[in-house]
Amino acid sequence: MSARIIDGKAVASKVHDEVAAGVAEFKSKYGTVPGLTVVLIGDDPASHSYVKGKERACEKVGIVTETIRRDASTSQAELIEIIEGLSADPKVNGILVQLPLPKHLNEDEVIHAIDPLKDVDGLHPENAGLLMLGQTRFAPATPLGVQRMLVEENVEMKGAKVVILGRSKLVGMPLTALLLQKGVGANATVTVCHTGTKDIAAETLRADVLIAAAGFPGAITPEMVKPGAVVIDVGVSRVEDSTRKRGYRLTGDVEFEGASELASAITPVPGGVGPMTIAMLLVNVLQAANLAATNWHHIRKS
Ligand code: GUN
(Lines give C-alpha, C1' and ligand atoms only; values in the text may rest on other atoms or scores of the structure.)
Protein backbone atom coordinates (compact mmCIF):
# COMPACT_ATOMS: atom_id res chain seq x y z
CA MET A 1 0.00 0.00 0.00
CA SER A 2 1.18 3.51 -0.66
CA ALA A 3 -0.20 6.12 1.68
CA ARG A 4 -2.22 9.18 0.74
CA ILE A 5 -0.08 12.24 1.49
CA ILE A 6 -1.94 14.66 3.74
CA ASP A 7 -1.36 18.17 2.39
CA GLY A 8 -0.91 20.44 5.41
CA LYS A 9 -0.45 23.48 3.22
CA ALA A 10 -3.84 22.98 1.56
CA VAL A 11 -5.68 22.57 4.88
CA ALA A 12 -3.77 25.55 6.31
CA SER A 13 -4.78 27.66 3.32
CA LYS A 14 -8.45 26.86 4.01
CA VAL A 15 -7.97 27.93 7.64
CA HIS A 16 -6.21 31.14 6.50
CA ASP A 17 -9.26 32.00 4.36
CA GLU A 18 -11.57 31.46 7.34
CA VAL A 19 -9.41 33.64 9.58
CA ALA A 20 -9.13 36.36 6.91
CA ALA A 21 -12.94 36.46 6.73
CA GLY A 22 -13.12 36.60 10.54
CA VAL A 23 -10.60 39.44 10.65
CA ALA A 24 -12.58 41.40 8.05
CA GLU A 25 -15.76 40.93 10.11
CA PHE A 26 -13.91 41.99 13.27
CA LYS A 27 -12.68 45.12 11.52
CA SER A 28 -16.13 46.10 10.31
CA LYS A 29 -17.61 45.54 13.80
CA TYR A 30 -14.95 47.19 15.93
CA GLY A 31 -12.93 49.40 13.58
CA THR A 32 -9.62 47.81 14.59
CA VAL A 33 -7.75 44.66 13.62
CA PRO A 34 -6.53 41.84 15.88
CA GLY A 35 -2.92 42.16 17.01
CA LEU A 36 -0.29 39.57 17.94
CA THR A 37 2.97 40.34 19.71
CA VAL A 38 5.71 37.73 19.58
CA VAL A 39 8.59 37.82 22.05
CA LEU A 40 11.79 36.26 20.74
CA ILE A 41 14.79 35.95 23.02
CA GLY A 42 18.20 34.88 21.74
CA ASP A 43 19.44 33.81 18.34
CA ASP A 44 18.29 30.22 17.83
CA PRO A 45 18.06 29.98 14.01
CA ALA A 46 15.05 27.63 14.02
CA SER A 47 13.12 29.97 16.35
CA HIS A 48 13.91 32.95 14.11
CA SER A 49 12.66 31.02 11.11
CA TYR A 50 9.43 29.96 12.89
CA VAL A 51 8.77 33.54 13.96
CA LYS A 52 9.23 34.79 10.38
CA GLY A 53 6.64 32.24 9.28
CA LYS A 54 4.22 33.45 11.94
CA GLU A 55 4.73 37.11 10.95
CA ARG A 56 4.15 36.37 7.26
CA ALA A 57 0.98 34.41 7.98
CA CYS A 58 -0.40 37.20 10.20
CA GLU A 59 0.18 39.76 7.45
CA LYS A 60 -1.58 37.54 4.91
CA VAL A 61 -4.81 37.39 6.92
CA GLY A 62 -4.76 41.01 8.13
CA ILE A 63 -3.58 40.48 11.71
CA VAL A 64 -1.20 43.20 12.94
CA THR A 65 1.99 41.70 14.24
CA GLU A 66 5.00 42.95 16.11
CA THR A 67 8.03 40.97 17.26
CA ILE A 68 10.01 42.09 20.28
CA ARG A 69 13.54 40.75 19.82
CA ARG A 70 16.03 40.71 22.67
CA ASP A 71 19.43 39.09 22.92
CA ALA A 72 20.15 35.90 24.83
CA SER A 73 21.54 37.80 27.83
CA THR A 74 18.11 39.28 28.67
CA SER A 75 17.39 38.83 32.37
CA GLN A 76 14.33 37.20 33.89
CA ALA A 77 13.25 40.54 35.39
CA GLU A 78 13.54 42.32 32.01
CA LEU A 79 11.53 39.63 30.28
CA ILE A 80 8.81 39.62 32.95
CA GLU A 81 8.58 43.41 32.64
CA ILE A 82 8.06 43.09 28.87
CA ILE A 83 5.35 40.44 29.35
CA GLU A 84 3.56 42.45 32.04
CA GLY A 85 3.62 45.51 29.76
CA LEU A 86 2.06 43.54 26.90
CA SER A 87 -0.50 41.97 29.22
CA ALA A 88 -1.63 45.45 30.28
CA ASP A 89 -1.66 46.94 26.75
CA PRO A 90 -5.20 46.91 25.27
CA LYS A 91 -3.80 47.10 21.70
CA VAL A 92 -2.23 43.66 22.14
CA ASN A 93 -4.71 40.79 21.78
CA GLY A 94 -2.29 37.86 21.65
CA ILE A 95 1.08 37.28 23.30
CA LEU A 96 3.40 34.49 22.19
CA VAL A 97 6.77 33.89 23.83
CA GLN A 98 8.76 31.80 21.39
CA LEU A 99 10.17 28.68 23.06
CA PRO A 100 12.64 27.40 24.02
CA LEU A 101 14.00 30.29 26.07
CA PRO A 102 17.72 30.53 26.87
CA LYS A 103 18.59 28.17 29.73
CA HIS A 104 19.01 30.84 32.44
CA LEU A 105 15.40 31.98 32.08
CA ASN A 106 12.53 30.40 33.99
CA GLU A 107 10.00 29.46 31.32
CA ASP A 108 7.17 28.65 33.72
CA GLU A 109 7.43 31.98 35.51
CA VAL A 110 7.41 33.83 32.16
CA ILE A 111 4.31 31.98 30.96
CA HIS A 112 2.55 32.65 34.26
CA ALA A 113 3.06 36.39 33.67
CA ILE A 114 1.01 36.33 30.44
CA ASP A 115 -2.58 37.55 30.77
CA PRO A 116 -4.47 34.24 30.31
CA LEU A 117 -6.96 36.00 28.02
CA LYS A 118 -4.05 36.83 25.65
CA ASP A 119 -2.30 33.48 25.93
CA VAL A 120 -2.67 32.35 22.31
CA ASP A 121 -0.20 29.50 22.92
CA GLY A 122 -2.57 27.98 25.50
CA LEU A 123 0.29 27.37 27.93
CA HIS A 124 -0.83 29.44 30.93
CA PRO A 125 -2.00 27.09 33.71
CA GLU A 126 -5.48 28.61 33.58
CA ASN A 127 -5.83 27.68 29.89
CA ALA A 128 -4.14 24.29 30.30
CA GLY A 129 -6.57 23.59 33.17
CA LEU A 130 -9.60 24.67 31.16
CA LEU A 131 -8.48 22.36 28.34
CA MET A 132 -8.15 19.43 30.74
CA LEU A 133 -11.66 20.12 32.03
CA GLY A 134 -13.11 20.16 28.51
CA GLN A 135 -13.83 23.90 28.76
CA THR A 136 -11.24 24.89 26.17
CA ARG A 137 -10.41 28.60 25.82
CA PHE A 138 -7.03 28.44 24.07
CA ALA A 139 -5.42 25.11 23.20
CA PRO A 140 -1.86 25.09 21.85
CA ALA A 141 -1.75 25.54 18.07
CA THR A 142 0.06 22.34 17.11
CA PRO A 143 -2.46 19.97 18.74
CA LEU A 144 -5.31 22.05 17.29
CA GLY A 145 -3.66 21.75 13.86
CA VAL A 146 -3.28 17.99 14.15
CA GLN A 147 -6.93 17.63 15.13
CA ARG A 148 -8.13 19.90 12.32
CA MET A 149 -6.12 17.90 9.77
CA LEU A 150 -7.67 14.65 10.98
CA VAL A 151 -11.15 16.18 10.70
CA GLU A 152 -10.45 17.51 7.19
CA GLU A 153 -9.17 14.08 6.17
CA ASN A 154 -12.39 12.49 7.46
CA VAL A 155 -10.46 10.21 9.81
CA GLU A 156 -12.96 8.53 12.13
CA MET A 157 -11.71 9.52 15.59
CA LYS A 158 -14.59 8.23 17.71
CA GLY A 159 -13.30 5.06 19.32
CA ALA A 160 -10.05 5.18 17.31
CA LYS A 161 -6.95 3.85 19.01
CA VAL A 162 -4.61 6.84 19.04
CA VAL A 163 -1.01 6.50 20.14
CA ILE A 164 0.94 9.70 20.80
CA LEU A 165 4.70 9.55 21.09
CA GLY A 166 5.80 12.35 23.42
CA ARG A 167 4.30 14.10 26.46
CA SER A 168 5.46 17.70 26.02
CA LYS A 169 3.37 20.60 27.29
CA LEU A 170 3.17 22.03 23.73
CA VAL A 171 2.09 18.85 21.93
CA GLY A 172 1.68 15.47 23.68
CA MET A 173 -0.14 16.59 26.82
CA PRO A 174 -2.63 19.04 25.26
CA LEU A 175 -3.22 16.75 22.26
CA THR A 176 -4.14 13.96 24.66
CA ALA A 177 -6.66 16.24 26.35
CA LEU A 178 -8.16 17.35 23.02
CA LEU A 179 -8.55 13.87 21.55
CA LEU A 180 -10.02 12.41 24.75
CA GLN A 181 -12.92 14.81 24.83
CA LYS A 182 -16.34 14.01 23.45
CA GLY A 183 -17.06 15.72 20.17
CA VAL A 184 -15.98 16.11 16.56
CA GLY A 185 -12.45 14.93 15.82
CA ALA A 186 -12.15 13.40 19.29
CA ASN A 187 -13.68 10.73 21.54
CA ALA A 188 -10.66 8.53 20.89
CA THR A 189 -8.88 5.99 23.09
CA VAL A 190 -5.53 7.67 23.68
CA THR A 191 -2.25 6.08 24.75
CA VAL A 192 0.79 8.27 25.40
CA CYS A 193 4.28 6.80 25.00
CA HIS A 194 7.33 8.44 26.54
CA THR A 195 10.83 7.72 27.77
CA GLY A 196 9.42 5.60 30.59
CA THR A 197 7.40 3.36 28.25
CA LYS A 198 8.67 -0.24 28.29
CA ASP A 199 7.87 -1.47 24.76
CA ILE A 200 7.00 1.47 22.51
CA ALA A 201 6.61 -0.64 19.35
CA ALA A 202 4.04 -2.88 21.07
CA GLU A 203 1.97 0.26 21.72
CA THR A 204 2.44 1.93 18.32
CA LEU A 205 1.57 -1.27 16.45
CA ARG A 206 -1.94 -1.03 17.92
CA ALA A 207 -2.47 2.52 16.69
CA ASP A 208 -5.16 3.38 14.16
CA VAL A 209 -3.79 6.92 14.38
CA LEU A 210 -0.11 7.26 15.24
CA ILE A 211 1.11 10.73 16.20
CA ALA A 212 4.86 11.20 16.50
CA ALA A 213 6.00 14.12 18.64
CA ALA A 214 9.23 12.82 20.09
CA GLY A 215 11.49 15.39 18.45
CA PHE A 216 14.16 13.20 16.90
CA PRO A 217 14.52 11.60 13.46
CA GLY A 218 13.89 7.85 13.33
CA ALA A 219 11.69 7.79 16.44
CA ILE A 220 9.16 5.87 14.33
CA THR A 221 10.52 3.17 12.05
CA PRO A 222 8.31 1.27 9.58
CA GLU A 223 8.26 -1.77 11.90
CA MET A 224 6.36 0.36 14.41
CA VAL A 225 3.50 1.21 12.03
CA LYS A 226 0.32 -0.87 11.79
CA PRO A 227 -0.70 -1.45 8.15
CA GLY A 228 -3.47 1.01 7.27
CA ALA A 229 -2.71 3.42 10.13
CA VAL A 230 -2.93 7.19 9.74
CA VAL A 231 0.49 8.64 10.62
CA ILE A 232 0.90 12.25 11.74
CA ASP A 233 4.48 13.48 12.06
CA VAL A 234 4.86 16.47 14.36
CA GLY A 235 8.67 16.32 14.51
CA VAL A 236 10.88 18.87 12.78
CA SER A 237 14.64 18.38 12.99
CA ARG A 238 17.41 19.93 10.96
CA VAL A 239 19.82 17.35 9.58
CA GLU A 240 23.04 18.24 7.81
CA ASP A 241 22.76 17.96 4.03
CA SER A 242 25.60 19.30 1.90
CA THR A 243 23.51 18.91 -1.27
CA ARG A 244 21.21 21.73 -0.04
CA LYS A 245 22.16 25.36 -0.44
CA ARG A 246 21.47 26.13 3.23
CA GLY A 247 23.45 23.04 4.35
CA TYR A 248 20.57 21.19 6.02
CA ARG A 249 17.18 19.69 5.35
CA LEU A 250 14.15 19.30 7.57
CA THR A 251 13.06 15.87 8.62
CA GLY A 252 10.33 14.51 10.86
CA ASP A 253 10.28 11.82 13.55
CA VAL A 254 9.02 9.17 11.13
CA GLU A 255 11.05 7.22 8.58
CA PHE A 256 8.82 8.50 5.83
CA GLU A 257 9.68 6.21 2.89
CA GLY A 258 9.10 2.94 4.72
CA ALA A 259 6.18 4.19 6.81
CA SER A 260 4.34 5.49 3.74
CA GLU A 261 4.39 1.95 2.29
CA LEU A 262 2.33 0.79 5.26
CA ALA A 263 0.19 3.72 6.32
CA SER A 264 -3.14 4.62 4.69
CA ALA A 265 -2.36 8.34 5.06
CA ILE A 266 0.70 10.22 6.26
CA THR A 267 1.86 13.81 6.73
CA PRO A 268 5.11 14.92 5.09
CA VAL A 269 7.81 17.06 6.70
CA PRO A 270 7.93 19.82 5.67
CA GLY A 271 4.43 20.63 4.43
CA GLY A 272 2.40 18.67 6.99
CA VAL A 273 1.83 19.74 10.57
CA GLY A 274 4.09 22.84 10.36
CA PRO A 275 1.75 25.00 8.26
CA MET A 276 -1.18 23.87 10.42
CA THR A 277 0.52 25.10 13.60
CA ILE A 278 0.79 28.58 12.15
CA ALA A 279 -2.77 28.50 10.82
CA MET A 280 -4.23 27.55 14.20
CA LEU A 281 -2.20 30.27 15.92
CA LEU A 282 -4.06 32.74 13.68
CA VAL A 283 -7.36 31.19 14.81
CA ASN A 284 -6.33 31.69 18.43
CA VAL A 285 -5.34 35.34 17.84
CA LEU A 286 -8.69 36.10 16.23
CA GLN A 287 -10.42 34.39 19.15
CA ALA A 288 -8.38 36.42 21.64
CA ALA A 289 -9.37 39.63 19.85
CA ASN A 290 -13.04 38.65 19.89
CA LEU A 291 -12.79 37.81 23.58
CA ALA A 292 -11.25 41.20 24.34
CA ALA A 293 -13.80 43.05 22.22
CA THR A 294 -16.83 41.34 23.73
CA ASN A 295 -15.54 41.69 27.28
CA TRP A 296 -14.84 45.35 26.66
CA HIS A 297 -18.37 45.92 25.34
CA HIS A 298 -19.75 44.05 28.31
CA ILE A 299 -17.80 46.25 30.72
CA ARG A 300 -18.77 49.42 28.84
CA LYS A 301 -22.49 48.55 28.99
CA SER A 302 -22.52 47.75 32.70
N1 GUN B 1 8.51 26.57 19.73
C2 GUN B 1 8.18 25.54 18.89
N3 GUN B 1 6.86 25.49 18.71
C4 GUN B 1 6.33 26.50 19.44
C5 GUN B 1 4.99 26.96 19.65
O6 GUN B 1 4.00 26.41 19.14
N7 GUN B 1 4.86 28.02 20.47
C8 GUN B 1 5.92 28.61 21.05
N9 GUN B 1 5.69 29.64 21.86
N10 GUN B 1 7.16 28.22 20.88
C11 GUN B 1 7.35 27.16 20.07
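Atoms within a ligand are numbered from 1 in the order they appear, just like the ligands themselves.
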*Should Met173 and Leu130 be regarded as members of a common hydrophobic cluster, given that ILVMFWY residues are connected when their side-chain heavy atoms come within less than 4.5 Å of each other, either directly or indirectly?*
no
*Which ligand 1 atoms does Val97 reach within 4.0 Å, using its non-hydrogen atoms?*
8 (C), 9 (N)
_Please work out, at 4.0 Å between heavy atoms, whether the side chain, the backbone, both, or neither of Asp121 comes within that distance of ligand 1._
side chain
*Just heavy atoms, cut-off under 4.0 Å: does Leu96 contact ligand 1 by side chain, backbone, both, or neither?*
side chain
*So which heavy atom in the protein is nearest atom 1 (N) of ligand 1, and how far is it from that ligand atom?*
Leu99 O, 2.8 Å
*Where's the contact between Leu170 and ligand 1, heavy-atom distance under 4.0 Å: side chain, backbone, both or neither?*
side chain
*Are Val19 and Leu96 joined in one hydrophobic group, where the rule is that I, L, V, M, F, W and Y side chains link up if heavy atoms are under 4.5 Å apart?*
yes
*Does Thr277 reach ligand 1 with a nitrogen or oxygen that is under 3.5 Å from one of the ligand's nitrogen or oxygen atoms?*
no
*Tell me, yes or no, whether the heavy-atom count around Gln135 atom CD, taken from other residues, nucleotides or ligands under 6.0 Å, exceeds 12.*
yes
_Please check: side-chain N/O of Asp71 versus main-chain N/O of Gly42, any donor-acceptor pairing under 3.5 Å?_
no
*Nearest non-hydrogen protein atom, atom 11 (C) of ligand 1*: Gln98 NE2, 3.4 Å
_Under a 3.5 Å cutoff, is there a donor and acceptor pairing between the side chains of Glu203 and Thr197?_
no
*asked:* According to a hydrophobic-cluster definition based on side-chain heavy atoms being under 4.5 Å apart (Ile, Leu, Val, Met, Phe, Trp, Tyr only), do Leu250 and Phe256 belong together?
replied: no
